[in-house]
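Before any comments, here is the structure.
It should be emphasised that the depicted structure is a prediction, and the values quoted were computed from it without experimental measurement. Chain naming here is simple, since letters A, B, ... match the order of the sequence lines and numbering starts at 1 in each. Atom set for the values below is all heavy atoms of this structure, side chains included, hydrogens, waters and symmetry mates excluded.
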Amino acid sequence: MKLSEIAAALDAQVEGDASIEIRRAAHPSEAEGPEDLALAMDKDLLALLPGCKAVAAVVSEGAELPEGIRGAIRGIIVVKRPRYAMAGLLDLFERPVHAEPGVHPQAFVDPTARVGANVSIAPFAYVGPQAVIGDNAIILPHVTVGAGAVIGEGCLLHPGARIGERVVMGARCIIHPNAAVGNDGFSFVTPEPGSVESAKATGRVVGTNVLIRRVNSIGTVVLGDDVEIGAGATIDRGTVTATRIGSGTKIDNLVQIGHNVQVGTNCMLCGHVGIAGSTVIGDRVVLAGKVGVADHVKIGSDAVVAANSGVGMDIPPKSVWMGYPAVPRARAFEQYKGLARLKRLFADVADLKSRVRALDGKGTISGGAPPESTE
Amino acid sequence: MKLSEIAAALDAQVEGDASIEIRRAAHPSEAEGPEDLALAMDKDLLALLPGCKAVAAVVSEGAELPEGIRGAIRGIIVVKRPRYAMAGLLDLFERPVHAEPGVHPQAFVDPTARVGANVSIAPFAYVGPQAVIGDNAIILPHVTVGAGAVIGEGCLLHPGARIGERVVMGARCIIHPNAAVGNDGFSFVTPEPGSVESAKATGRVVGTNVLIRRVNSIGTVVLGDDVEIGAGATIDRGTVTATRIGSGTKIDNLVQIGHNVQVGTNCMLCGHVGIAGSTVIGDRVVLAGKVGVADHVKIGSDAVVAANSGVGMDIPPKSVWMGYPAVPRARAFEQYKGLARLKRLFADVADLKSRVRALDGKGTISGGAPPESTE
Amino acid sequence: MKLSEIAAALDAQVEGDASIEIRRAAHPSEAEGPEDLALAMDKDLLALLPGCKAVAAVVSEGAELPEGIRGAIRGIIVVKRPRYAMAGLLDLFERPVHAEPGVHPQAFVDPTARVGANVSIAPFAYVGPQAVIGDNAIILPHVTVGAGAVIGEGCLLHPGARIGERVVMGARCIIHPNAAVGNDGFSFVTPEPGSVESAKATGRVVGTNVLIRRVNSIGTVVLGDDVEIGAGATIDRGTVTATRIGSGTKIDNLVQIGHNVQVGTNCMLCGHVGIAGSTVIGDRVVLAGKVGVADHVKIGSDAVVAANSGVGMDIPPKSVWMGYPAVPRARAFEQYKGLARLKRLFADVADLKSRVRALDGKGTISGGAPPESTE
């Protein structure tokens, strides 16, 4: 590919020699020769250009190139929004996963399954009865597709992905290694109100869970188009109806989505996020890493929740929340600042107490001495 | 099944036509015709009954039916404890997982393994040497049963479940997809006291972990009867003896149980719970989502710990704890309320300081100004 | 093995009969006869020695033996650092995983893969094209080794481990069940600045993520020697270059490591730790259970972070941090103590307000009443 063609694909300009032939994109310190394109779209990477073995580079608009570099780097693509340009570059230089056409003889495909055109089904993949595999789908080794599941056109199922029975996914979904979609929900009930019910209602444990009865799930999971489910993530099926993940939503590794949860479109749920049963998440919501959301909560569209927050109540649309328990961001900051100044506050109050005692001659009601450091 | 038979199984009454034939339970908005039983045991679901294609429904005692609905919905089952009735209904309408009788020719069963009567072992399942598979057990595709493991009668092992060597499980356990039971513990030691030991003892890092030596685990994991292990959950085996999970205990997805942990009977450990090594959990304990428990801690029977809490010390029986670090619930609420009022407290103290200064003419010792909002 | 030989391996002394023949190490309550060596290196275990069926035991230096025990326990090994001695003992009595020599006929090994000497490749293991398997490596059932991956000498890959394409691992790495190394990174970009960018910059949601574009990862993961990756853990590959885990680093179950992360040597990352993209962790760092680390953060060598902490900023070397957001340990303790005393502080301030009002006759500016308990 010529440098000029790459620039055109990125809607960017070339400075210098646009005719350089490129075969690979590389980190500046890993470029091996003149066919590599050095990606140097931030300051740290720019600093690596001197000595780099590439003769072409991509830089951000306004970047200050290291002195004297223009001799060695003969062609430069200048981009405006580097992260977005990166997506374009990595589309051009993508290294697609190895997949052989057709159904491998060491795969198991139930004779009642329906397999589309141009699929790849690898050794040790299992496709259950009545399952449907869409055209152009890629099913890698050790994938399980349960009975009656429907895999959309162009889906990519990585090794060890478990697709439960009756799960339906749209087109172009990507299921990463060892993700499990369509598991039985974690739903149990005690004959009489149990310890959690009394703890929530009264703050005390009254009932005890001497008998726990399973609530079977007869629902399933429905994924829209272009959904991604991260490695090791788990999505439970609905009790009666479906747990739903809207089109374009991206779910990171080790995320847990409980039964009956409804997630809208174009959401981003980062690593270790956990969402308890029956919660409803709007569209374009971002939950940062390790956010936990209680059951039966509603999070409005375009809300952003900061990492490690614990959400126990509804969150309005377009708001930014954080903390444990999560509160609006401004309030959380106020609390953190207050906490950081607590030591001084205790000292102030101790000072006030002795001065007021000197003024009115009365004793104090308690001993709020400043907390000492433990070290 | 007649409506009257369903009601009898739930120990409930029918209002209206008890002879309606039912074939399926359904969400009111997904009912497709007169053979569907609409599950409408809460307010939101009741509201969906007008226009619903079912002619029979289940509702809660005391529910206010939408007006004019009794014409369309000709038979109504009225239940007392809806969640418990749901368990009964979903037993009646369960959709059991697909499993073919016998050992599939594409499974691997070591010749020294002992396989009980009436089992199902699916394609690509692996059963190691000396393993024992109980009667009526179902082993789905891609399951690994390690050497010497004992799978109890009627157990159900979902795709990708990993059962480590020598693991023993009782009857009717359910291991969900990609759960790993019996992994080597995370146990390492440095020749001299390392950084964690000095951090715990002194708050400072003195030793450094220049050499890390592995502590092998020669123990295993023992599960009681009716235990469930969620999708992607991990349970490490004991160092010398066994990590134990008591009968009836239910473990949700992505839970991590460290080596040597002892969990009692009928506990519920929700999604992303993590329990560090050698901790002892009593009976009927509930740990809500994302609770972390330190090593060598004891949690008393019937205790309930709220979501996202971090437990670093022993918890007495029948108590409700929450927070990070976790404290009794009443104290945690007090702290959250205090935090929420901190801004006003700072303002009060600032006011007091200026007034006391006016009274005694002395300066202040520090500058505890109220924390401003950052936005 | 004679007791004297075991003592020699541990660099310890025997008291009593050093000629006892030992075949197994056991918990005192599980010892079955005179060939078992009772491990009694702490107080609780010592108390189990009376009645124990073993005739030899290991105890810690200075331990007080139960009275009259020396008759039954005829030989005693006395060790100095019990945890370290345990590592030595469990090396002697290790129960290595079952693995048969050679490539099993039910394994799949691509004809272009290069397989070293003395390997074990189990049924249903998959080795992709151009992959390299080092000498003495053990690949257990259901493992996937992606195209072009390099497995070092003596590595042990447990059932269900997923090794992504081009992943390179050094010698003697252990990958536990269902771990996934080399997954595609969680990296997306919006054409215009999205909700997270505006939330971080302004605290408000301005942009909305109406279009999400995938950023492909063309990098990989490189593991050093003696690295362990826990059950169900996930490690994403780098965007352009490699995510790296240094030699000797031990990663526990269900840990998530984002794309481009660099982890140094001899680190210990405990269960449920999550590290967001591009963060750099020094050498010998210890992150306790459930620690979350933001993206693009630097954690200095020998730092220790306490369980459940959320790290949002750089941490200097050799420091101990904790909390959410994480701060130096002494400051965190100060904050917890302050929180615990908040109720008294509110009471003090209320008292001061009424007394100052009595002195100056003026009203108060706000109502900072002490927070009542909710129960």
Counting only non-hydrogen atoms closer than 4.5 Å, does C/Thr265 touch chain B with its backbone (N, CA, C, O), its side chain (CB onward), both, or neither? neither
Less than 4.5 Å to any heavy atom of chain B: does that hold for the side chain of C/Leu352, its backbone, both, or neither? both
Which one wins on heavy-atom pair count under 4.5 Å against chain C: B/Ala340, B/Pro193, B/Gly146, B/Gly148? B/Pro193
So for C/Glu94, is it side chain, backbone, both, or neither that comes closer than 4.5 Å to the heavy atoms of chain B? both
To the nearest 0.5 Å, how far apart are NZ in C/Lys290 and CG in C/Asn308? 6.5 Å
Got a second to check how far B/Thr239's OG1 is from C/Arg83's CZ, nearest 0.5 Å? 8.0 Å
Name the region of C/Pro82, side chain, backbone, both or neither, that has any atom closer than 4.5 Å to a heavy atom of chain B. neither
Check the angle between the aromatic planes of B/Tyr126 and B/Phe108 and answer parallel, tilted or perpendicular using the 30° and 60° thresholds. parallel
Does any heavy atom of chain B fall under 4.5 Å from the side chain of C/Leu92, the backbone, both, or neither of them? neither
Choice from B/Val206, B/Asp184, B/Val356 maximising heavy atom contacts with chain C below 4.5 Å: B/Asp184
Which portion of C/Val97 sits near chain B, non-hydrogen atoms under 4.5 angstrom: both
Spell out, as yes or no, whether a donor-acceptor pair under 3.5 Å connects the side chain of B/Thr243 to the backbone of B/Gly238. yes
Any donor and acceptor pair, going by atom type alone, linking the side chain of C/Asp302 with main-chain N or O of C/Ser319 inside 3.5 Å? no
Distance-only side-chain donor-acceptor flag, B/Arg162 / C/Asn178, under 3.5 Å: yes
Which one wins on heavy-atom pair count under 4.5 Å against chain B: C/Met322, C/Glu228, C/Met268? C/Glu228
If you count heavy-atom pairs within less than 4.5 Å of chain B, which of C/His142, C/Gln106, C/His27, C/His176 leads? C/His142
Portion of C/Ser247 that has a non-hydrogen atom of chain B nearer than 4.5 angstrom: neither
Among B/Arg213, B/Glu192, B/Lys200, residue most engaged with chain C (heavy-atom pairs, under 4.5 Å): B/Arg213
Are C/Met86 and C/Leu39 close enough that some pair of their side-chain heavy atoms sits under 4.5 Å apart? yes
Could you have a look at C/Cys267, C/Ala26, C/Gly232, C/Pro141 and say which one has the most heavy-atom pairs with chain B under 4.5 angstrom? C/Pro141
Mind checking whether B/His272 and C/His272 have parallel, tilted or perpendicular rings, split at 30° and 60°? perpendicular
